[in-house]
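Below: the structure, in structure tokens.
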Amino acid sequence: MTNTGEREADIEMTSERRLVEEQVERLLSGQGSEVSLCDVGMEQSKPAALRKNITYIVCAVIFNEKEEVLMVQEAKQDCYKQWYLPAGRVEVGESLEEALRREVKEEAGFDCEPITMLLIQEQGPQWIRFIFLARISGGSLKSLAAADQESLQAAWWDRQSPLPLRGRDILRLIENGLKYRRNPWHPVTLPVDLSCRHVVQRMILVFVGAEDQIWILLVRGPTPHLPTAAAVKTHAVTWAANMVVQEALPSSYYDHDVTTLGVCGLQHNGRQHGRTDGVCLNTLVALVPDRVQRDEDGLKVELPPTGRPPPIENPRYVWFEVQNLDLREKLLEKTRNTSVLPIHSLY
Ligand SMILES: C[C@@](O)(CCOP(=O)(O)OP(=O)(O)O)CC(=O)O
Ligand SMILES: [Mg+2]
């Protein structure tokens, strides 16, 4: 290659390297970027259509100054007079935050402002629940006199006195909110207003080497980019990361754990029913060698750390070694401390 060719190659590599690092920085800090293409699973995944093939639920965890939690008494027949957090299904054309404000207003009487998402729970793309920590910004506590089909009333619960609950699943959500309120252990994470047709996981999939080197799995494409995979309804949303690893390095798949550590950011706007009902979860995923293997006698042996990522077997993919020191430190910190919004697959 001539000097010019080498220089062009370097420039090209430098500009591509910079673009990749800028995209990783953006997603790691909770910002979003257009989901221009979906690398894996598009053919298995129909566009998201709210109330047809997907249901989104929003749920509010709101505390007062005495750390009592806001609860609503249900008016529905199947849970009549039982208590629950303000929660409900996202309606067509709504953003997640608009749904949150509507549900808290309808069920508890208050205006509220979201502080951060606390947790995402999912049972595949067909059911995803977004739990928000929020604060009161106006309105007043709904009394029995205002009972309607949305709820009978609302009340502040000291979390100790007996209360007939619609579901005990909210106890964990309340504890999660208390824990975050006392020690915000991941950055504020709120939906970014960017449209998406499908429910997809776009992953910052990292392999950490022996001396703190860190590699990110990229799709070569016309320009190198982070892999994005559509959720399939027979699996958890986060199974998408496994699909990508199986496609990129099938021989090493069973020697590694693919762990979605959490959600750095979430993109949704929901304004055009059937066209933008999807959600893009920008996640941090760790590929960790399963170093405990069995020898020929079936005895467990711990293999030494390889220090390098497993070989790629599919030319569509490439390992990108992070050389930017600041980005590498951020990735190592988040990977080691899991300081990202948690996502729980309720499968
Ligand atoms: C987790 C939920 O219980 C959330 C609450 O849903 P609602 O039944 O309260 O829905 P709305 O009528 O829209 O308020 C539902 C579920 O999927 O289990
Ligand atoms: Mg409800």
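Both ligands and their constituent atoms are indexed starting at 1 by order of listing.
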Can you tell me the N, O or S atom of E107 that's nearest the Mg ion (ligand 2)?
OE2
Under the criterion side chain to side chain contact (heavy atoms under 4.5 Å, CB included), which of R166, E74, Q153 is the partner of W83?
Q153
Please report the closest heavy-atom contact between W127 and Q121, naming both atoms and the distance.
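Distance-wise, the nearest heavy atoms are CZ3-O, 3.9 Å.
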Check the angle between the aromatic planes of W156 and F110 and answer parallel, tilted or perpendicular using the 30° and 60° thresholds.
tilted
Atoms of ligand 1, numbered as shown, that sit under 4.0 Å from any heavy atom of [X]:
{"X": "K76", "answer": "7 (P), 8 (O), 9 (O), 11 (P), 12 (O), 14 (O)"}
{"X": "E107", "answer": "14 (O)"}
{"X": "Y84", "answer": "1 (C), 3 (O)"}

Any nitrogen or oxygen of I57, main chain or side chain, under 3.5 Å from a nitrogen or oxygen of ligand 1?
no
Identify the protein heavy atom lying closest to [atom], giving its residue, its atom name and the separation to 0.1 Å.
{"atom": "atom 5 (C) of ligand 1", "answer": "R166 NH1, 3.7 Å"}
{"atom": "atom 17 (O) of ligand 1", "answer": "W127 NE1, 2.8 Å"}
{"atom": "atom 1 (C) of ligand 1", "answer": "R129 NH1, 3.1 Å"}

Assess whether atom NZ of K52 is packed by more than 12 heavy atoms of other residues, nucleotides or ligands within 6.0 Å.
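It does not: K52 NZ has 12 such atoms or fewer within range.
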Which bit of E150 is near ligand 1, meaning a heavy atom under 4.0 Å away: side chain, backbone, both or neither?
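No part of E150 comes within reach of ligand 1.
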